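If you're wondering where the values come from, they're calculated on a predicted model, not measured in any experiment. Counting starts at 1 for both ligands and their atoms, in listed order.
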Amino acid sequence: MTKQTIAELLNSDCFLQEVEIKGWVRTFRANRFIALNDGSTIKNIQCVVDFENTPEETLKRITTGAAVAIKGTLVESQGKGQTVEITVSEIEILGDSNPEEYPIQPKKHSFEFLRENAHLRIRTNTFSAVMRIRATLSFAIHKYFTENGFYNFHAPIITGSDAEGAGEMFQVSTLGLDKLPKNEEGKVDYSKDFFGKETNLTVSGQLEAETYAMALGKVYTFGPTFRAENSNTTRHLSEFWMIEPEVAFNNLDDNMDLAEDFIKSVISYTLEKCKDDVEFLDNRLTQEEKTKPANQRSEMTLLERLNFVVENNFKRVSYTEAIDILRNCKPNKKKKFQFPINEWGADLQSEHERYLVEKHFKCPVILFDYPANIKAFYMRLNDDEKTVRAMDVLFPGIGEIVGGSQREERLDVLKQKIAALNIDEKELWWYLDTRKFGTAEHSGFGLGFERLVQFTTGMGNIRDVIPYPRTPQNADF
Ligand code: 4AD
Ligand code: MG
């Protein structure tokens, strides 16, 4: 007797062998046909029960959601929709599932309802497919970097620095909020706190990754990051995972090449490994699109979009060119943008990014050389002294998926920038040391993992591609 997963069984040709399988009942039809799923694949295996020789008491307990152990013979299927099935010889109910109470019934549930039942939603086809793809993408990312000579580097999660300088941090403290110790000036005395200083959850591992790149050459982080921004959108989480490669001696062009090759590689690996799941989600999205008005439907199916990204070059466009396009485009002239584009220097909103990608270029776009004053302090200043060597990768349906830059490697320029932004230089002494001792050109970027999963699965809401989403006013489970 062999013990295998359903994925393995469906791929095997061990007909007429005795098999043993455990899983959860998806449906039980005509007192005879169990659709059984064990999570190993989106496909169920059909198990045919000999109801005449099975006790009534047992048959009653075969309900949606119940865990069962089945022994039987693998045979070629007579029915439509599957090639093999199991003729059941023995069935044991491992765990009952009261049909009156079990929330996940074999019918269509709204994503909102499933979010409230996030601990059970992985038992649906859609969420199991999304989470298998998420796991595969994660593996593909480690595989890509490892095979390309990068070292994985674990950036600290608790830190004293604010890498992005945006002040959107969750404080970490063991001081009780109701009895904060004050110093002579009446301010909170952080010397009494656990770390003896103010600390927060990291918004990015970049600064630490830079120090590692300046020793190991090519490194990447892949860890959780936290942002206390009050953004209730379909693309923002308070806790998300970010991949941040950092490479010594790379300039901005090398950085763009790396980002493009990396994204194409991980998507194409996942397309190959998760065919059934992508096919299922492709179908799901097509059905969903049909419910939208014709002018809001996307021109490509999920599969077409994924193949398009893998097969085509990303369009590289400077910020200045982009502003020209946006200033003169129809929606801007007709005042259709919520944030009209009037002049050079404007920060781009997601409506502008999506116009460039979806309407104008109709392909992924890498925007580069942004105005210095809308980007973080660490980006390398161009000779025009107005723009920095920043790059954002913009994707259809998503907007910004990657943000990165060539870093300012000149100590004096970096110090001026830090002073101009009123950042305390002393806090960054260790970061500045990399510019003092053996400084060199280097570059990196951050890819928002959930936005990549969103793109690959075609899911509209970022809350549906992370197991337990954290967003403003919500940290359930
Ligand atoms: O553009 P960001 O803020 O860049 C950085 O943090 C740099 N330190 C990265 C680097 O150069 N090493 O964030 C990078 C990416 C964004 O492009 C986006 O995909 C994702 O992280 N991201 C978020 N994803 C989900 N929820 C949020 N609140 C996000 N904020 C950023
Ligand atoms: Mg950004």
Would you say Leu237 and ligand 1 have an N/O pair spaced under 3.5 Å apart?
-> yes

Say whether Trp241 and ligand 1 are in contact under the criterion: heavy-atom distance to a ligand atom below 4.0 Å.
-> no

Looking at Glu229, which atoms of ligand 1 are within less than 4.0 Å of one of its heavy atoms?
-> 28 (N)

Output field: ring centroids Phe395/Phe314 closer than 6.0 Å = yes

Have a look at Arg227, Glu210, Arg470 and point out the one with the heavy atom closest to atom 3 (O) of ligand 1.
-> Arg227

In plain terms, say whether Arg354 and Glu400 are close enough for a salt bridge, that is, a side-chain N and a carboxylate O under 4.0 Å apart.
-> no

Does the N or O separation between Met242 and ligand 1 drop below 3.5 Å for any pair?
-> no

What atoms of ligand 1 come within less than 4.0 Å of a heavy atom belonging to Arg235?
-> 25 (C), 26 (N)

Could you walk me through whether Lys264 and Glu260 pass salt bridge (charged side-chain N to carboxylate O under 4.0 Å, His left out), step by step?
-> CA-CA 6 Å; Lys264 285 177 171 171; Glu260 184 169 343; 2.8 Å; yes

Compute the centroid of each ring, for Phe249 and then for His442, and state whether the two points are separated by less than 6.0 Å.
-> no

Which residue supplies the protein heavy atom nearest to atom 18 (C) of ligand 1, what is that atom called, and how far is it?
-> Arg451 NH1, 3.5 Å

Quick one: do Lys362 and Glu358 make a salt bridge, cutoff under 4.0 Å?
-> no

Would you call Asp277 and Arg284 a salt bridge, using N to O less than 4.0 angstrom?
-> no

So between Phe395, Phe240, Phe226, Tyr220, whose heavy atom ends up nearest atom 31 (C) of ligand 1?
-> Phe240

Going by the order shown, which atoms of ligand 1 are within less than 4.0 Å of some heavy atom of Val402?
-> 17 (O)

May I ask you to establish whether Lys436 and Trp429 are in a cation-pi arrangement, using a distance under 6.0 Å from NZ or CZ to the six-membered ring centre and at most 45° from the ring axis?
-> no

Are Arg407 and Glu441 close enough for a salt bridge, meaning some N to O gap below 4.0 Å?
-> no

Pair Tyr431 + Tyr378: ring centers closer than 6.0 Å = no

Ligand 1 N/O within reach of Glu164 N/O, cut-off under 3.5 Å = yes

Pull out every atom of ligand 1 sitting under 4.0 Å from any heavy atom of Tyr378, numbered as shown with elements.
-> 7 (C), 8 (N)

The number of protein N, O or S atoms lying under 2.8 Å from the Mg ion (ligand 2) is 1

Which of the numbered atoms in ligand 1 are below 4.0 angstrom from a heavy atom of Ser204?
-> 6 (O), 8 (N)

Could you tell me which atoms of ligand 1, counted from 1 in the order shown, lie closer than 4.0 angstrom to a heavy atom of Gly404?
-> 11 (O)

Do Glu408 and Arg435 sit within salt-bridge range, that is, some charged N less than 4.0 Å from a carboxylate O?
-> no

Compute the shortest N/O to N/O distance between Ser405 and ligand 1 and return yes if it is under 3.5 Å, no if not.
-> no

SB check Asp324 Arg327 (cutoff 4.0 Å) = yes

Report the C-alpha separation of Tyr220 and His142 in whole Å, then their side-chain angles, then the decisive distance to 0.1 Å, and conclude whether the ring pair (Phe, Tyr, Trp, His ring centres under 6.0 Å) test is met.
-> CA-CA 9 Å; Tyr220 73 102; His142 286 297; 5.6 Å; yes

Nearest protein heavy-atom contact for atom 20 (C) of ligand 1: which residue, which atom, what distance?
-> Gly448 CA, 3.6 Å

Can you check whether Tyr212 and Tyr151 have ring centres sitting under 6.0 Å from each other?
-> no

Charged N to carboxylate O below 4.0 Å: is that the case for Asp464 and Arg115?
-> yes

Of Glu246, Glu244, Arg407, Glu450, the residue with the heavy atom nearest atom 11 (O) of ligand 1 is Arg407

